[in-house]
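Written out below as structure tokens is the structure these notes cover.
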Amino acid sequence: MTNLAKLDSRPLSVTYGDVVRAAEAIRGAVVPTRFEPSRTLSTLLNAEIWLKFENLQFTASYKERGALNKLLSLSDVERQNGVIAMSAGNHAQGVAYHAHRLGIPATIVMPASTPTIKVENTRSHGAEVILEGQTLEESYAFAVAYGAERGMAFVHPFNDPAVIAGQGTVAVEMLAVAPDLDVLIVPIGGGGLISGMAVAAKAINPKIKIIGVEAQLYPSMLNAVKHASLPVGGDTLAEGIAVKTPGSLTQEIVEALVDDILLVSEADLERAVSLLITIEKTVVEGAGAAGLAALIGANRLYKGRKIGLVLCGGNIDTRLLASVLTRELARDGRLSRLAIDLPDRPGQLAKVAGVIGGVGANVVEVYHQRVFTDVPAKGTELHLVIETRDRAHLDLVVTGLKEAGYSVMVKSSTGAGAP
């Protein structure tokens, strides 16, 4: 484990006292979410895994904490003038919801390509939504200028002391329940959550290790604090932490207090989302599953440790979620695509189905390919999607088909095949 944290006499922009005051300020308006051990995940990963269910907040994200703390810090004049924020997701809903609750006019700037469901969810909380800019950077520049012209207070998603302090209340709640945690593993986007949590956790238990997690496609904080130059960009399941440039305040805190940063692959993010639904019966977005994904990818580093994970959000598109779950079934060998060469004559499909049904597997889809194939003109290529218990059961199906005289190719989830 690389130790990033270093001793530095310079005061940080956020103190433990700030976090304690934030916890008192937001009490009663933000849910003190459950923090519980997961016996099944602990057994699976050879560590004592505790889960903080921030996906169960009213807006399904921890972002409410920092947003509310910032709103409560405003003067009467600032409240009257209203607030403006830039976000394509969870921060937008957190600001909109609590601003409406407090009677503060709120404007949220979102990129023009923001999915309609996110726009409507934000509007449903009483905010005015402006769709402007093709990227988050363009939306941010517009929001700052638009707000300055109208005297509106800008609520930054992460680079603000009040927001950072609010996010730090997550760690206060976790350590109140389990003060002997060895490690906190926290997703990093702009760095607001890990910064606040690190300030609080290191004050409560100086020996605790703080580990950050970024998507492999967006190693922006790692680049900043390790002076690396890994490429940043691309489509990631963890869109909530897909930030190209971390905050200056958060970077300073990460450099001082965070012990290491891990990068997680898209496959591990998908596996983590699927495991949390299957085992914990809880829905998380990609960013919310990043901590578990890090444990999947670097399990050997944390064997036997008592670990706290933050399920930081649960706002995931249902179609994307369905795709993730289906792909995981394919990876586990429970959903597979077979290509079978067979004579194009009556009874062959029934014979194949009989073999598959005979070993207890289920046919989900059937398709005949007669044109775009190199089988003889009197033959056909039969494509099947089948459901099996596991990979061993799939092997049993393939063996049965080969023993019946068929040439079989198993198509993987990436499109590659195995004879």
Side-chain angles (χ1 to χ4, degrees), residues 1-15 66 86 135-138 140-141 144 156-161 163-165 167-168 171 182-203 206-269 286-287 290-291 293-302 307 309-310 312:
M1 184 188 300
T2 304
N3 189 17
L4 291 180
K6 57 190 179 183
L7 295 175
D8 194 329
S9 59
R10 290 178 303 168
L12 298 173
S13 58
V14 178
T15 67
M86 184 284 302
T135 66
L136 287 172
E137 288 74 20
E138 290 178 2
Y140 172 78
V144 171
H156 199 284
F158 49 83
N159 205 43
D160 183 291
V163 171
I164 294 170
Q167 318 304 28
D182 298 314
V183 183
L184 287 177
I185 300 182
V186 186
I188 301 178
L193 178 62
I194 195 169
S195 296
M197 289 185 65
V199 167
K202 291 285 189 178
K207 294 183 179 180
I208 198 169
K209 298 296 183 183
I210 310 293
I211 307 300
V213 184
E214 292 186 295
Q216 213 164 51
L217 293 172
Y218 285 85
S220 54
M221 186 67 81
L222 184 145
N223 280 344
V225 300
K226 291 190 176 182
H227 308 291
S229 55
L230 296 173
V232 176
D235 290 329
T236 175
L237 179 62
E239 60 184 21
I241 55 174
V243 175
K244 291 185 176 181
T245 306
S248 56
L249 301 180
T250 59
Q251 180 181 334
E252 180 184 75
I253 296 173
V254 168
E255 288 177 336
L257 300 177
V258 172
D259 295 281
D260 200 7
I261 297 175
L262 304 177
L263 302 181
V264 293
S265 68
E266 293 302 302
D268 284 342
L269 285 166
L295 277 182
I296 293 170
N299 182 238
R300 59 184 175 78
L301 297 177
Y302 304 100
I307 302 167
L309 304 180
V310 186
C312 59

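The first residue in the sequence is number 1, and the count goes up from there. Not measured: the values here are computed from a predicted model.
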(Q) Applying side chain to side chain contact (heavy atoms under 4.5 Å, CB included) to F158 and V243, what does each step give before you reach the verdict? (A) CA-CA 11 Å; F158 49 83; V243 175; 4.2 Å; yes
Side chain proximity check, [X] to [Y], heavy atoms < 4.5 angstrom:
{"X": "C312", "Y": "L193", "value": "yes"}
{"X": "V225", "Y": "Q251", "value": "yes"}
{"X": "I261", "Y": "I188", "value": "yes"}
{"X": "I211", "Y": "L184", "value": "no"}
{"X": "I164", "Y": "L249", "value": "yes"}
{"X": "P187", "Y": "I194", "value": "no"}
{"X": "V254", "Y": "S195", "value": "yes"}
{"X": "T245", "Y": "E137", "value": "no"}

Q. For N223 and S229, does a side-chain donor sit closer than 3.5 Å to a side-chain acceptor?
A.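 Per modelled atom types, N223 and S229 side chains form no pair under 3.5 Å.
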For residues [X] and [Y], report the shortest heavy-atom separation together with the two atoms involved.
{"X": "P246", "Y": "S220", "answer": "CD-CB, 3.8 Å"}
{"X": "T15", "Y": "V199", "answer": "C-CG1, 3.5 Å"}
{"X": "A294", "Y": "V213", "answer": "CB-CG2, 3.7 Å"}
{"X": "T236", "Y": "A215", "answer": "OG1-CB, 3.7 Å"}
{"X": "V258", "Y": "G212", "answer": "CG1-N, 4.1 Å"}
{"X": "S13", "Y": "I253", "answer": "OG-CD1, 3.9 Å"}

Quick one: does [X]'s side chain have a donor or acceptor within less than 3.5 Å of a partner on [Y]'s backbone?
{"X": "E214", "Y": "I241", "result": "no"}
{"X": "D268", "Y": "I296", "result": "no"}
{"X": "Q167", "Y": "G66", "result": "yes"}
{"X": "K209", "Y": "D259", "result": "no"}

Atom [atom1] in [X], atom [atom2] in [Y]: separation rounded to 0.5 Å?
{"X": "L295", "Y": "L262", "atom1": "CG", "atom2": "CG", "answer": "9.0 Å"}
{"X": "M221", "Y": "K226", "atom1": "CE", "atom2": "NZ", "answer": "13.0 Å"}
{"X": "I185", "Y": "I307", "atom1": "CD1", "atom2": "CD1", "answer": "5.0 Å"}
{"X": "L217", "Y": "L237", "atom1": "CG", "atom2": "CG", "answer": "10.5 Å"}

Q: Show your working on side chain to side chain contact (heavy atoms under 4.5 Å, CB included) between K202 and I210 and close with a plain yes or no.
A: CA-CA 8 Å; K202 291 285 189 178; I210 310 293; 3.7 Å; yes
Q) Which pairs with one or both residues in residues 236-246 pass salt bridge (Lys or Arg N to Asp or Glu O under 4.0 Å), sequence neighbours excluded? A)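 Qualifying pairs: K118-E239.
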Q) Excluding sequence neighbours, so at least two apart, what forms side-chain contact (heavy atoms from CB on, under 4.5 Å) with A203? A)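 Applying side-chain contact (heavy atoms from CB on, under 4.5 Å) to A203 gives Y16.
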Q) Listed by chain and number, what are the ring pair (Phe, Tyr, Trp, His ring centres under 6.0 Å) partners of Y218, not counting sequence neighbours? A)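 Testing Y218 for ring pair (Phe, Tyr, Trp, His ring centres under 6.0 Å), a comparison that skips the adjacent residues, returns none.
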